[in-house]
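Chain naming here is simple, since letters A, B, ... match the order of the sequence lines and numbering starts at 1 in each.
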Amino acid sequence: MFLVKKQSNFLSDLNPDQRQAVEATEGPVLILAGAGSGKTRVLTYRIAHILDQQKAAPWEILAMTFTNKAASEMKERVKVLVGSDKNVWLGTFHSVFAKILRWDVSNIGYSSEFVIYDADDQERLVKYILADMGINPKEYAPKSIRNIISRQKNSLVSPESYASSVNSPFEKVVAQIYPLYQDRLRDNMAFDFDDLIAMPIRLFSECPDILKKYQARFRYILVDEYQDTNKAQYMLLHHLAKDSRNLCVVGDDDQSIYRWRGADLRNIIEFEKDFPNYHLFRLEQNYRSTQTILQAANSVIENNKDRKGKTLWSDREKGDPVELMEVVDEREEAQKVVESIKEEVFKGKRSFHEFAVLYRTNAQSRSLEDGLRRSGMSYTIVGGVRFYERKEIKDVLAYLKLICNPRDSLSLKRIINFPLRGIGESTLRRIEAWALNNGLDLFRAIGEVEAIPDIPSRIKKSVVAFHVMMQKYIALKDKITPNELVRTVVDETGLLTMYKGDTSVEGQGRAENIREFLSAVGEYVDSSESPSLSGFLEEVSLVTDIDSWNDKSNAITLMTLHCAKGLEFPVVFITGLEEGLFPVPRSLDEPEALEEERRLFYVGLTRAKDKIYLSWAERRRLFSDMNFRIPSRFLDEIDPDVVRKTKPARQQVRFERSRFHKRITEQFDTHPEYESFSQEDTCFQQGTRVRHEMFGNGTIVNMEGTGAKKKVVVQFENGVKKKFLLQYARFDSL
DNA sequence: GGCAATAGGCTTTTT
DNA sequence: GCCTATTGCC
C-alpha cells in the first residue's frame, strides 16, 4: 500500500499544535496559521498521515494552492514523506479545474479543446466589442471594463443580474458588454482565467451526477492560503466537500493581500457558517524569525482593526535590530542596499542568495537593478514583464492556439498579417463581415475567401496561402511532437528570421526569447508523460515567473512584496517606504485598502529570518519627475525599541559632483547649442583611462549618444567590456 | 497596404 | 522614462 517512509513515528517531528491539526483528519478543519508557523509542513504531514492511516488512496486527496511554486514545493515534500506523490491531486486552483473542464465541460455545451485567454487577450476582446458597438475606447477604458467583468465573474454575478444592479453610465456600458464578452469567448471556444473557476460551478450545478462523481472521489480536500480565496473558489470548495465534509483550510487573515482580486475574508466566516462543528487550530509559534523581527511585525499589524487577532512568538534569539535607512533619492537607496549587502557578506559570511530586496511596485526595480549592476553583484528579478506575456512569445503562442483551436478568432486576427502578408485592415473587415453574414467563424471564412467580394485577387492568393499553411499544421498537430511542430511553425512563418535580421538590441532579444521558447517546448516534451500541444499551451497559460525562480543560483533576489508571499530569506530589504508609494495613494482614503497595505508590509517583514533593512527616500523620481516625499506611516507603527536609524553620512564629493553633472547635462539637453560647453565632454573621451570601483582600471574604447544619454564603452584590464551611461557611471580619472 | 514618427498611458499587486 | 498603439504620410 502507500507506506509512509518513516513509518508512524514521523508525527514526532511536529509540535503539539501542529500535531493536533494533522491528526484531526475527519470533518471540517480551519487552521489559522501565522507566518512561519509551519503551514506547509502541517499540510504535507496531513496528507502523509491520511495515507499512512490508509484512510484514502492518493488519488482521493485533493490539495490546492494559489501558485505553482507552492504546489511543486508541496509535491516535493510529500514525496519525501511518502515516497511517491504521483497520484495525489496537488495543484493550483486554476490548473486543477482546467483539467476537470477538459474532461467534462462538453456536458454543458462547451468544447474540451478550449484555449485559455490571459488578461491581454481579454482586453483585446473587450476592444473588439467596443469597436463593434461604436464606443470610444478612450472614454470607456477596456482595462477597467475587463476588471469589472472579472470581478463580477469572481463573485458569481451573471450578466443578467449585473445589468439589473448597475447605476452609473459607465456601469451601464459594462452591463451591455459583459454578455457580449461571454458570447465572444464562447464563439472562440475560449475561457478566461475566471472561467476556469466559474465554469466548473456551472458544470456542477447543471450536471449533479458529475458533481457526485467528484464528491465521491475527493474524500479529503486541503486548501492552502485560504484567506486568498474568492467567492467563486469558495463555492467550488463548498460543492465538493458538501458530502464528505473533510475540508481542511489553512490561512492567515493577516496575510490576505489579494482583496483587490476578489479575495474575500468573509470566506472564513462563511466556512464557520457552512461547516458548523468545525475544528479550529491556531499555530502561533514562529520558527522563522528573530524576536526582534516578530516584535516589529506584531507592532505593525496590531494597528489593523479588522482581524481575528493572534500574536506570533518565537524562541529564537533576539537578533539584530531593524535597520532604518533614510536616503536622499532612489539612487542612494540602491547604493545603500549594495553597501549593506557587501557588509553582510563580508562580516556575516553570507552569500548572495540569502538576500531579497522587496518593493511595492515593479517600476521600483529599475534603480535597484542599476545599482546592483554597477556594483557587479549578481541578481535575479522575479516578475515584471513576464516571459509568456512578451509580444514575440504571444505571437508564436497565437499560431499554436489557432492550430489547436481554429475557432480562436482573436489569435487568428493577431497573426493573419504577422509576419506581414499584405492582408490589411480593410481586407480583414470584409472577411469578418462576410463571415458574419454567412454564419461562419473567421477561420472557415478565410478558407472560402474566393467567394468574398471586393478583395483584390493578389490579396486573395495571400489569404489562401495562409489558410493552406495553417491547415497543414492542423493536420500535422497529432502526427509530430509538439517541439517539432513549433520549430516548423517558427521556421516556416519566418517569425525567427525576421528578428534574426534585426540587429538592434530589442530584435536580438526577441530572437533570443523565441529560441528560449523553443527550448521550453523541448523541456515540456521531455518531462511530460503524454505531451500534446494543447497540454503545453495549458501549462504555459497557467505558469508565472515565480514558478521558474530557483533559489539555488547564488544571486540576490529582487521582487515585489506580493511575489514574496510564502517565501523566506535570511536578510530582507523593504524599499520605498514612503507615503503615496507604500501605502499606495489609492489606499489612502479607503480604510480597508489601507489595512491591506499594512498586511502587505506585515507579509514583507515576516519573510525575514535574521535581519531587516527598511528604507525611504527624501525624493524619488516617479513617472518622469522628481518629487519630495515623507516617510510611510507604517514606519511610525514599528515599536521604536527594535529600530536602529542609520542616517548615513551625506554623499561623498564624488556623488555630489555626479549630481551636479546631471543637472548641467539636463540643462544642456534643453539647450543643445550649449552642449559643447559641457566639461564632461573634455573629461571623458575615447582613450581616457578610468578606474571603476568594481571592475578596476580600463580604457574608454567607444562613446555614443549626447547629453544625458551619453554612453561610454570601457574595456577593462580584467578582460570585461562594459557599456555605461556616463551620468550614472562612477569613474575616477586616472 | 506599409512604414516611421508621435502621442499617450502607465505604475499596485497576479492566477 | 519607457513602452505600445495609433496616426499620418508614402
Side-chain angles (χ1 to χ4, degrees), chain A residues 64-71 91-98 116-120 122-124 127 137-138 141-143 147 150 153-154 191-197 225 228-230 232-233 256-263 330 358-367 370 382-386 388-391 417-429 455-456 458-459 462 506 538 540-547 559-565 576 580-588 593 596-597 599-601 603-604 620-626 666 708-709 725:
Chain A
M64 281 183 291
T65 63
F66 275 82
T67 63
N68 293 293
K69 170 115 183 122
T92 63
F93 269 90
H94 291 84
S95 66
V96 164
F97 289 104
I116 298 170
Y117 281 0
D118 66 11
D120 182 63
Q122 289 175 280
E123 221 172 284
R124 270 168 203 264
K127 270 191 200 157
K138 294 209 170 102
K143 200 175 194 156
N147 278 331
S150 169
K153 291 169 81 164
N154 284 328
F191 288 141
D192 61 20
F193 282 131
D194 310 314
D195 283 330
L196 296 180
I197 307 297
E225 308 279 14
D228 288 333
T229 51
N230 58 39
Q233 286 160 331
S256 162
I257 55 173
Y258 288 107
R259 198 182 66 109
W260 53 274
R261 210 170 79 190
E330 71 270 22
L358 309 180
Y359 36 81
R360 182 64 181 82
T361 69
N362 275 311
Q364 286 164 257
S365 69
R366 189 176 307 267
S367 53
D370 286 345
V382 181
V385 183
R386 280 170 283 288
Y388 291 109
E389 280 168 24
R390 291 186 180 161
K391 186 198 167 296
N417 201 29
F418 189 87
L420 298 172
R421 298 182 176 88
I423 307 167
E425 211 187 328
S426 53
T427 308
L428 191 61
R429 255 207 307 276
I455 298 178
R458 186 173 49 87
I459 296 176
S462 176
E506 306 91 61
E538 182 164 315
V540 157
S541 315
L542 300 176
V543 295
T544 56
D545 281 5
I546 182 78
D547 303 325
M559 63 176 125
T560 64
L561 286 142
H562 280 87
C563 235
K565 198 175 75 158
L581 183 61
F582 190 19
V584 288
R586 281 168 69 172
S587 67
L588 296 181
E596 175 142 317
E597 291 288 300
R599 290 194 292 268
L600 188 57
F601 186 42
V603 166
R620 181 181 297 274
R621 190 178 286 280
L622 281 182
F623 312 109
S624 55
D625 39 32
M626 195 63 108
E666 265 163 8
K709 289 198 172 118
L725 259 183

What is the distance, to the nearest angstrom, from the [atom1] atom on [X] to the [atom2] atom on [N]?
{"X": "Leu600(A)", "N": "dT14(B)", "atom1": "CG", "atom2": "P", "answer": "10 Å"}
{"X": "Glu389(A)", "N": "dT14(B)", "atom1": "CD", "atom2": "C1'", "answer": "9 Å"}
{"X": "Lys143(A)", "N": "dC10(B)", "atom1": "NZ", "atom2": "P", "answer": "6 Å"}
{"X": "Ile257(A)", "N": "dT14(B)", "atom1": "CD1", "atom2": "P", "answer": "9 Å"}
{"X": "Leu622(A)", "N": "dG9(B)", "atom1": "CG", "atom2": "P", "answer": "19 Å"}
{"X": "Leu581(A)", "N": "dC10(B)", "atom1": "CG", "atom2": "P", "answer": "18 Å"}
{"X": "Leu561(A)", "N": "dT11(B)", "atom1": "CG", "atom2": "C1'", "answer": "15 Å"}
{"X": "Asp192(A)", "N": "dT14(B)", "atom1": "CG", "atom2": "P", "answer": "18 Å"}

Quick one: on DNA chain B, does Asp194(A) or Glu597(A) contact a more 5' nucleotide (nearest heavy atom)?
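Its nearest nucleotide being more 5', the pick is Glu597(A).
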Any residue meeting side chain to side chain donor-acceptor pair (under 3.5 Å) with [X], in chain and number order, not counting sequence neighbours:
{"X": "Thr92(A)", "answer": "Ser95(A)"}
{"X": "Asn417(A)", "answer": "none"}
{"X": "Thr361(A)", "answer": "Gln364(A)"}

Sequence neighbours left out, what passes side-chain contact (heavy atoms from CB on, under 4.5 Å) with [X]? Give chain and number order.
{"X": "Ala71(A)", "value": "Thr65(A), Leu90(A)"}
{"X": "Lys391(A)", "value": "Asp395(A), Arg414(A), Phe418(A), Tyr499(A), Arg510(A)"}
{"X": "Glu538(A)", "value": "Ala98(A), Arg102(A), Ile116(A), Leu542(A)"}
{"X": "Ser462(A)", "value": "Arg421(A), Ile423(A)"}

Atom pairs under 3.5 Å: protein N/O with N/O of nucleotides 1-3 of chain B:
residue: dG1(B); atom: OP1; partner: Ser426(A); partner atom: OG; Å: 3.1
residue: dG1(B); atom: OP1; partner: Thr427(A); partner atom: OG1; Å: 2.6
residue: dG1(B); atom: OP2; partner: Glu425(A); partner atom: N; Å: 3.3
residue: dG1(B); atom: OP2; partner: Ser426(A); partner atom: N; Å: 3.3
residue: dG1(B); atom: OP2; partner: Ser426(A); partner atom: OG; Å: 2.7
residue: dG2(B); atom: OP1; partner: Gly422(A); partner atom: N; Å: 2.9
residue: dG2(B); atom: OP2; partner: Asn417(A); partner atom: ND2; Å: 3.2

Side-chain heavy-atom pair Phe66(A), Gln233(A) within 4.5 angstrom cut-off
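Touching, per the 4.5 Å side-chain cut-off.
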Heavy atoms under 4.0 Å, any strand shown: does [X] hit a base, just sugar-phosphate, or nothing?
{"X": "Asn362(A)", "result": "sugar-phosphate"}
{"X": "Arg586(A)", "result": "base"}
{"X": "Phe66(A)", "result": "sugar-phosphate"}

Protein proximity profile, nucleotides 5-10 of chain C - base contact B, sugar-phosphate-only contact S, no contact -, cut-off 4.0 Å on heavy atoms
------
By a 5.5 angstrom centroid cut-off and a 30 degree plane limit, is there stacking between Tyr258(A) and dT13(B)?
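No, the aromatic ring of Tyr258(A) does not stack with the base.
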Is it the case that the side chain of Glu596(A) and the backbone of Arg259(A) share a donor-acceptor pair, with hydrogens and angles ignored and the cut-off at 3.5 Å?
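Present.
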